[in-house]
2 protein chains.
Amino acid sequence: MKLSEGVEWAIHSCSLLAALPTGAALPTRKLAAYFELSETYLAKNLQLLSNADIVTTRKGPGGGYALAKAADAISLLDIVEAIEGRSPCFSCTEIRRRGPTGIGDEAYKRPCGIARSMWKAEKAWRDELAKVSLHKIQAMALEETPDAQLEKAKIWFEEALA
Amino acid sequence: MKLSEGVEWAIHSCSLLAALPTGAALPTRKLAAYFELSETYLAKNLQLLSNADIVTTRKGPGGGYALAKAADAISLLDIVEAIEGRSPCFSCTEIRRRGPTGIGDEAYKRPCGIARSMWKAEKAWRDELAKVSLHKIQAMALEETPDAQLEKAKIWFEEALA
DNA sequence: TTAAATATGGATATATTTTATCCATATAAT
DNA sequence: ATTATATGGATAAAATATATCCATATTTAA
Ligand code: FES
Ligand code: FES
């Protein structure tokens, strides 16, 4: 069980976008450059964010990506689900119905106890992710980023938005 | 993010083993037959349970698998970790250090806020799994299994252990 | 003592998923 | 018009999950 790389990429990208001045946007090329990531593959992940209405896009020169809503209205869960999808990690294949003791499908009404337990745990995970806003992520990043990096980031932004 | 099939197989297998009379054991062949699963692949998963000390084994005729401890001393988390391993689902690749604004590795002491948040959610998942004992799983199964199946299972057991 | 039944671990094969790239197209700004 | 950009589809390459096979060690039962 591993989350895809794209989840980390997407969170960092959103966190960076959260720092943009109103009205500004960053294109794939610049986002990829900032994090030193594959431009084409990052583009795919940004598309997922776009389809999930987490970011908005503007085509053409000067265009790019920006957050679609306030950073405190976007949660880690939103981002994780945009990238990973919404299907449960645990999937019950109804093993209980199989084999020599299994009986007709109509006999099994509720989801089995195993699935219910696994799904409950998964809900705890999602609930916890839902509690963390992008705003909080950005605030933590701001606080823990070394001053030297903040300086360089400031200069990079000026150039990128010029 | 998907849990491997083996997790479901392992939980069902343990739940069945929990129903064994003291001293009895079931070999791979019979477990696979009961659930109509691939015998060779189930064997691999049972090996993982064995290495994790969730089940004990006895080689030779009349041998097989049995629980290594009481069913209420085994949790879903134990089983999930035996099959899936203990490494975190989210892995921080330290993207923050990269790119044109990144500075020397020595500047980043604590894990980043993104990773801390993701790991916290993961902990909530594991904690929830740890709360569910195999005993509970077995009790739920017993309660929700149709009577017709319980009958057939009883007969199957008698034959299997004869 | 021997034969049969079983688990174990290694090697390997196959299928599926993830990661990554490329391209043709649509769209917007200058 | 030209340039910069996102989008979605097709495809390729790499990694992982699924599945099988085999040689070996061990244990039981005859
Ligand atoms: S029957 Fe296997 S998890 Fe539901
Ligand atoms: S730097 Fe990316 S999650 Fe830690």
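First the proteins, then the strands, lettered A, B, ... as listed; each starts at 1.
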Under 4.0 Å, counting only non-hydrogen atoms across every strand here, what does A/Asn51 touch: a base, just sugar-phosphate, or nothing?
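Here A/Asn51 touches the backbone only, sparing every base.
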Sugar-phosphate only, base, or nothing, as touched by A/Gly6 at under 4.0 Å among non-hydrogen atoms
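Here A/Gly6 touches no strand at all.
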In whole Å, I'd like the distance from the [atom1] atom of [X] to the [atom2] atom of [N].
| X | N | atom1 | atom2 | answer |
| --- | --- | --- | --- | --- |
| A/Asp53 | D/dT7 | CG | P | 11 Å |
| B/Glu5 | D/dA19 | CD | P | 7 Å |
| B/Tyr65 | D/dT27 | OH | P | 14 Å |
| B/Leu48 | C/dG10 | CG | P | 12 Å |
| B/Glu39 | D/dC22 | CD | P | 14 Å |
| B/Leu42 | D/dA17 | CG | P | 18 Å |
| B/Asn45 | D/dT20 | CG | P | 12 Å |
| A/Ile83 | C/dT19 | CD1 | P | 11 Å |

I want to check one thing: is the phosphate of [N], taken as OP1 and OP2, less than 4.0 Å away from some side-chain N or O of [X]?
| X | N | answer |
| --- | --- | --- |
| B/Ser50 | C/dA7 | no |
| A/Thr57 | D/dT5 | no |
| A/Ser38 | C/dT19 | no |

Count I, L, V, M, F, W, Y as connected when their side-chain heavy atoms are under 4.5 Å apart, and connections chain through other members. Are A/Tyr108 and B/Met140 then in the same cluster?
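A/Tyr108 does not cluster with B/Met140.
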Indicate, with yes or no, if B/Trp119 and B/Leu77 share a hydrophobic cluster defined by side-chain heavy-atom contacts under 4.5 Å among Ile, Leu, Val, Met, Phe, Trp and Tyr.
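The answer is yes; both residues are in one hydrophobic cluster.
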Is it the case that B/Ser15 and B/Gln138 place a side-chain donor and acceptor less than 3.5 Å from each other?
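There is no such pair between these side chains.
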Can a donor-acceptor pair be found between the side chains of A/Thr93 and B/Glu5 at a distance below 3.5 Å?
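No, no side-chain donor-acceptor pair sits under 3.5 Å.
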I'd like to check A/Trp156 versus A/Tyr34 (side-chain heavy atoms, cut-off strictly below 4.5 Å). Are they in contact?
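Yes; the side chains approach each other to less than 4.5 Å.
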Determine yes or no for a side-chain-to-main-chain donor-acceptor pair under 3.5 angstrom, with B/Glu39 supplying the side chain and B/Ala33 the backbone.
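The answer is no, because no donor-acceptor pair under 3.5 Å joins these two groups.
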Main-chain N/O of A/Met1 paired with B/Glu84 side-chain donor or acceptor, under 3.5 Å:
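At least one qualifying donor-acceptor pair exists.
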For DNA chain D, find the residues of residues 7-35 of chain A with a heavy-atom distance under 4.0 Å and give them by number; none if there aren't any.
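Close to the strand are A/Pro27, A/Thr28, A/Arg29.
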In terms of side-chain heavy atoms of [X], which of [options] is nearest?
| X | options | result |
| --- | --- | --- |
| A/Gln47 | D/dC21, D/dT18, D/dG8 | D/dG8 |
| A/Tyr41 | C/dT18, D/dT7, C/dA29 | C/dT18 |
| B/Lys59 | C/dA20, C/dT6, C/dA29 | C/dT6 |
| B/Ser4 | D/dT18, D/dT20, D/dA10 | D/dT18 |
| A/Lys44 | D/dT18, D/dG8, D/dT5 | D/dG8 |

Considering heavy-atom distances to DNA chain D, does A/Leu46 or A/Lys2 have its closest nucleotide positioned more toward the 5' end?
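With A/Leu46 and A/Lys2 compared, the 5'-side residue is A/Leu46.
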Run the salt bridge (charged side-chain N to carboxylate O under 4.0 Å, His left out) test against A/Glu94 and tell me which residues pass, sequence neighbours left out.
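Testing A/Glu94 for salt bridge (charged side-chain N to carboxylate O under 4.0 Å, His left out), a comparison that skips the adjacent residues, returns A/Arg96, A/Arg97.
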